[in-house]
Amino acid sequence: MGIEILGGLEIHQILTKLGPRETAIVGCVSHHFQGRASDDSLWSQFCAQELHLYSPEDPLGNPTPSFKAAYQAWSEAFSMYPWSLVLRVRTCWEKIRSWLVVNFPEAMTTLHKGATEDVLNNFESSLKVKLPIPTRLLYRFCDGQDLVKYSESFAASLLGLIGGYSFGNSLVNVFLLPLDEVLRKTNGVRCHLIEHVGVPFGTEYLVVATSSTERVKFFFLNCSDGQLFVGDGNFLENGNMLPCVPDDLIHSVHNVRDCQQQDGLLLWLEEHGRHLESGLVNVSEEKNTRYISLLPEESSLCYSAVENGVKVRASALFIPELSMTVSESNYYWFAFSIRMALNPGGFIVNGTWFDSCQLCMAHWTIQENNDIVNKITEETVDGKNPILHPGDEEFTFQVHICIRAPQGSLEGSLTFVPGRLTNPKGAEFEVELPQILLEYPDYIF
């Protein structure tokens, strides 16, 4: 009894489990499997599962006569890289693109097509660097964002793929740079540090992402060890930077024979993709303009409380570009977001129904390493006393807080009056906020 007794369905199932490369081999050595190994429905499965490819086309978007031909074209185009890493990088970008299509299509239009091997080789020659293998692949699939668009208007300046936050009068929004801008920005930073500060900037560092807004924020890839860094509050004075991903996760960034390569930029973008997919970060608005807000929206990093129909949500995010961590006086800055809304049905206090309330007081207790360092009572939050009505959108404040230790917390309460401050309708009531952790994170965005 041999394989000749197997039917078409059984052979299809076997080949599906073998995978594309083994299927191609089996089709060459077994006449019985040859026809089934060329079945395009089988190769359409392989293309969908591995490449997230749902129409037969090559890496440049050109149509191919079959899914098998498409798979072959992709294999040949990326033959110089470990295939498992190619699929990992492709998956990273597809997750981000899929999220953008549904949630933020405006930013999707800024993504460039991938760079060619020739373009990458010329780029390396220009800056005399050797890119980590995962970073080369990231740029093969997407050469950053179109930066011409963000200079055209305020709305375009908030289309950064990485996103950002606002606090006080400052607005931060980070774009992933295309290779030509990486070259220009890197040379600019090198010149600034040498000419104005007298600090040499290592030739292994490249500027790969930066803020499009007035506040300076640079992300640097170390091409030697693969770590990704961000400039801190002292960067323009002394070149100090903070690592953006855990050091122990970076592995074998220049060994093409190792299938486990991962550098800081790939780990960073994968983590960002997970935050987008999970809803941890989402699209917000600034001056009626949409952008990706990095302040946590869901999970244990967004704290909420409800009292008398008033729902308050709060979250915090580390701000590296303000923080100073290698001086005698360390400062750790955090953006802090407070969002409040009144339930659609209004609220009842002591048997009386009310359809509005106004913030009249805020109380905060700030701790560093479990020690209380400050207690604050304010009659406004960020200079405002919002009036809440049933069904209105959340009212949002974004302020910033500084502590002297890498770990601390903020807790407090908000006091509201039914009706308005100028015409109170009842007794004041408080909404207590749980303790909000202020922590130096493993991943910095």
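Checking Phe445, Tyr440, Tyr443 one by one against Phe318, the ring-ring contact (aromatic ring centres under 6.0 Å, His included) holds for a single residue, Tyr440.
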query = Can you check side chain to side chain contact (heavy atoms under 4.5 Å, CB included) on Trp364 and Leu414, steps first, answer last?
reply = CA-CA 9 Å; Trp364 308 112; Leu414 300 175; 3.9 Å; yes
query = What's the verdict on side chain to side chain contact (heavy atoms under 4.5 Å, CB included) for Phe141 and Val86, showing C-alpha distance, side-chain angles and the deciding distance?
reply = CA-CA 9 Å; Phe141 282 102; Val86 173; 4.0 Å; yes
inquiry  = Quick one, Phe104 with Leu161, criterion side chain to side chain contact (heavy atoms under 4.5 Å, CB included). Give me CA distance, side-chain angles, the key distance, then yes/no.
reply    = CA-CA 10 Å; Phe104 198 26; Leu161 176 64; over 6 Å; no
Salt bridge (charged side-chain N to carboxylate O under 4.0 Å, His left out) assessment of Glu277 paired with Arg274 = CA-CA 5 Å; Glu277 271 197 326; Arg274 284 189 286 269; over 6 Å; no
request  = Apply side chain to side chain contact (heavy atoms under 4.5 Å, CB included) to Tyr139 and Val182, showing your working.
outcome  = CA-CA 12 Å; Tyr139 275 96; Val182 172; 3.7 Å; yes
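From Thr210, atom OG1 reaches atom CD of Glu321 across 10.0 Å, with rounding to the nearest 0.5 Å. Here the OG1 atom belonging to Thr135 is positioned 13.0 Å from the NZ atom belonging to Lys130, to the nearest 0.5 angstrom. Phe397 contributes atom CZ, which lies 11.0 Å from atom CZ of Phe336 (distance to the nearest 0.5 angstrom). Distance CZ/Arg97 to SG/Cys92: 10.0 Å, rounded to 0.5 Å. Atom CD1 of Ile403 and atom OH of Tyr331 lie 13.0 Å apart (nearest 0.5 Å). In this structure, CZ in Arg184 is found 14.0 Å from CG in Leu179, a value given to the nearest 0.5 Å.
Taking every heavy atom of both residues into account, Leu342 and Leu388 meet most closely at CD2-O, 3.6 Å. Contact detail for Leu301 and Leu280: the closest heavy-atom pair is CD1-CD1, 4.1 Å. Of all heavy-atom pairs between Thr64 and Ala69, the closest is CB-CB, 4.2 Å. The heavy-atom pair separating Cys47 from Phe67 by the smallest distance is SG-O, 3.5 Å. The shortest heavy-atom contact between Ile444 and Trp268 is O-NE1, 2.7 Å.
The pair Glu394-Lys311 does not count as a salt bridge, with every side-chain nitrogen at least 4.0 angstrom from each carboxylate oxygen. Salt bridge annotation for Glu270-Lys95: absent, with no cationic side-chain nitrogen under 4.0 angstrom from a carboxylate oxygen.
Neither side chain, Trp74 nor Glu50, offers a donor N or O lying under 3.5 Å from an acceptor on the other. A donor-acceptor contact under 3.5 angstrom links the side chains of Asn240 and Asp232, judged on distance only. No donor-acceptor contact under 3.5 angstrom links the side chains of Glu181 and Gln145, judged on distance only. Arg404 and Asn369 are not linked by any side-chain donor-acceptor pair at a separation below 3.5 angstrom, with hydrogens and angles left out of the test. Of the N and O atoms on the side chains of Asp118 and Thr116, not one donor lies less than 3.5 Å from an acceptor on the other residue. Using modelled atom types and a 3.5 Å distance limit, the side chains of Gln261 and Asn255 yield no donor-acceptor pair. Between the side chains of Arg339 and Ser315, at least one donor N or O lies within less than 3.5 Å of an accepting N or O.
Aromatic ring centroids of Tyr205 and Phe218 lie 6.0 Å or more apart. A centroid separation of less than 6.0 Å is found between the aromatic rings of Tyr71 and Trp43.
No more than 12 heavy atoms of other residues, nucleotides or ligands lie within 6.0 Å of CD in Gln260, so this atom counts as exposed by the packing criterion. The environment of CG in Asn62 is crowded: more than 12 heavy-atom neighbours from other residues, nucleotides or ligands sit within 6.0 Å.
Judged purely by atom type and a 3.5 angstrom limit, Ser278 uses its side chain to pair as donor or acceptor with the backbone of His275. In this structure, the side chain of Ser211 does not engage the main chain of Val216 through any donor-acceptor pair within 3.5 Å.
Remark: Arg136 is not positioned above the aromatic ring of Tyr81, lacking an NZ or CZ atom under 6.0 angstrom from the ring centre and at most 45 degrees off the axis.
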